[in-house]
Number of protein chains: 2
Amino acid sequence: MATPDVRLEHLQKAAEVLRVVAHPVRLQILQFLEGGEKTVTEIHTGLDLPQAYTSQQLNLMKSKDILASRRDGSQVFYRIANWNVLKIIHCVCADSAGETAQT
Amino acid sequence: MATPDVRLEHLQKAAEVLRVVAHPVRLQILQFLEGGEKTVTEIHTGLDLPQAYTSQQLNLMKSKDILASRRDGSQVFYRIANWNVLKIIHCVCADSAGETAQT
DNA sequence: TTCACATATTAAAGCATTCGCATATCTTGA
DNA sequence: TCAAGATATGCGAATGCTTTAATATGTGAA
C-alpha cells in the first residue's frame with residue numbers, strides 16, 4: 001500500500017551502490033579485502049595496480065560507505081564496511097561461474 | 001591455487017551484468033517482473049515510462065540474457081531469465097532498506 | 001629540517017551511457 | 001489493402017565514467 005515513489009528512492013540508492021560495485025577493478029579490490037583489512041600498498045602491489053589509481057578507487061568506495069579505513073602511522077588500512085556488497089559479488093560470481101566451470 | 005587471471009575474466013563478466021542492473025529504471029522493471037511475465041505495454045504503463053524508452057531497456061537486458069521474451073500475437077511478454085539478478089536486488093535493497101526504515 | 005616512504009588530490013582526454021524524440025516495423029481485424 | 005494498436009530502432013546532445021599523469025600532502029626517522 002505504499003506509494004511506488006517510496007520504492008523509487010530505494011532503487012535510486014540501490015542503483016548507486018551497484019554502479020560503484022559494477023567495475024572489474026573494484027570487484028577485485030573487494031574480493032581482496034574479503035580476507036581482512038589491508039593497506040593501500042598491499043592492495044596496489046597485490047593486485048598490480050597503480051598507486052594513485054588504487055587510492056582513487058578506495059576513496060570512491062569509501063565515499064559510498066562500501067569501505068571504511070583506519071590510519072596506523074603512515075599507513076592506511078581499508079576494510080569492507082558494507083558486507084552486503086560481498087553477498088552481491090557471490091551472487092553474480094555464482095552466476096557466471098556456474099555456466100563456465102567450477103573453481 | 002588458480003592464477004588470478006582466471007578470476008579477472010569472471011570479474012569482468014560479473015561487472016558487465018552488474019552494470020546493466022545498476023540503474024533505477026532497470027531495477028524497477030526487474031522488480032516489476034518478479035511477479036511473472038508482462039507485456040511491454042503493461043510494463044511501460046504500470047511504471048509510467050515512455051514506450052520507446054521501456055523497449056530499449058528491455059532489449060538491453062535481453063541482450064545480456066537477464067531477460068527473455070515470448071511473442072503472443074501482437075504482444076511481447078518479457079520475463080526474468082537470470083534469477084541471480086533478483087538475488088542481487090534483494091541484497092542491495094535489504095542494504096539500503098535496513099538503514100532507513102521498514103516497509 | 002630534510003629525506004624517504006605512504007597516501008591523496010587534481011586535471012584532462014577519451015569513451016560510454018542516458019534519455020528524449022521521431023519514426024519504422026510488425027500484427028491483427030475489417 | 002488499410003487502419004490501428006503494439007513494439008522496435010536510429011539518432012544525437014548532454015552527461016557521466018574511466019584512466020593516466022603529474023603532483024600534493026602526510027608521517028616517521030635521523
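Computed from a predicted model, the values in this text were never measured in an experiment.
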Distance, rounded to the nearest Å, where B/Leu49 contributes CG and D/dA6 contributes C1': 16 Å
Sugar-phosphate only, base, or nothing, as touched by B/Tyr78 at under 4.0 Å among non-hydrogen atoms: sugar-phosphate
Minimum heavy-atom distance between B/Cys91 and A/Lys87, given as atom pair plus value: SG-CB, 3.6 Å
Side-chain N,O (B/His44) to OP1/OP2 (D/dA6) below 4.0 Å: no
Ring-face cation contact, B/Phe32 with B/Lys38, 6.0 Å cut, 45° max: yes
Gap between atoms CG and P, on B/Leu58 and D/dT7 respectively (whole Å): 10 Å
Side-chain N or O of B/Thr41 closer than 4.0 Å to phosphate OP1/OP2 of D/dT7: yes
Atom-to-atom span, CD of B/Gln75 to P of D/dA8 - whole angstrom: 11 Å
Side-chain N or O of B/Ser74 closer than 4.0 Å to phosphate OP1/OP2 of D/dA6: no
Residue-phosphate contact under 4.0 Å: A/Arg71 side-chain N/O, C/dA6 OP1/OP2: no
Nearest-Å distance for atom pair CD/C1', residues B/Gln57 and C/dG20: 12 Å
Distance test, side-chain N/O of B/Arg19 to OP1/OP2 of D/dC17, below 4.0 Å: no
Polar pair under 3.5 Å, donor/acceptor by atom type, side chain B/Gln51, base D/dA8: yes
Polar contact flag, side-chain donor to acceptor under 3.5 angstrom, A/His90-A/Glu34: yes
Sugar-phosphate only, base, or nothing, as touched by A/Thr39 at under 4.0 Å among non-hydrogen atoms: sugar-phosphate
Any donor-acceptor N/O pair, A/Arg26 side chain to A/Gln28 backbone, under 3.5 Å: no
Of A/Gln12, A/Glu9, A/Lys13, the residue whose pairing with B/Pro24 passes side-chain contact (heavy atoms from CB on, under 4.5 Å): A/Gln12
Value in whole Å for how far the C1' atom of D/dT7 lies from CZ of B/Phe77: 13 Å
Protein-nucleotide distance (B/Leu60, atom CG; C/dT18, atom C1'), rounded to Å: 11 Å
Under-4.0 Å side-chain N/O to phosphate OP1/OP2 contact, B/Tyr53 with C/dG20: no
Any N/O donor-acceptor pair, B/Gln56 side-chain to D/dG10 base, under 3.5 Å: yes
Selected nucleotide, minimal atom distance to B/Ala52 side chain, candidates C/dT9, C/dT18, D/dA8: D/dA8
5′-ward residue of the pair A/Asp72/B/Ser69 relative to DNA chain D: B/Ser69
Atom-pair distance (CG on A/Asn59; P on D/dT18), nearest Å: 15 Å
Nearest-Å distance for atom pair CD/C1', residues A/Gln28 and D/dT19: 15 Å
Closest approach of B/Leu86 to B/Leu30 (non-hydrogen atoms, all atoms of both residues): CD2-O, 4.2 Å
Out of C/dT18, D/dA8, D/dC11, whichever nucleotide has its closest atom nearest the side chain of B/Val40: D/dA8
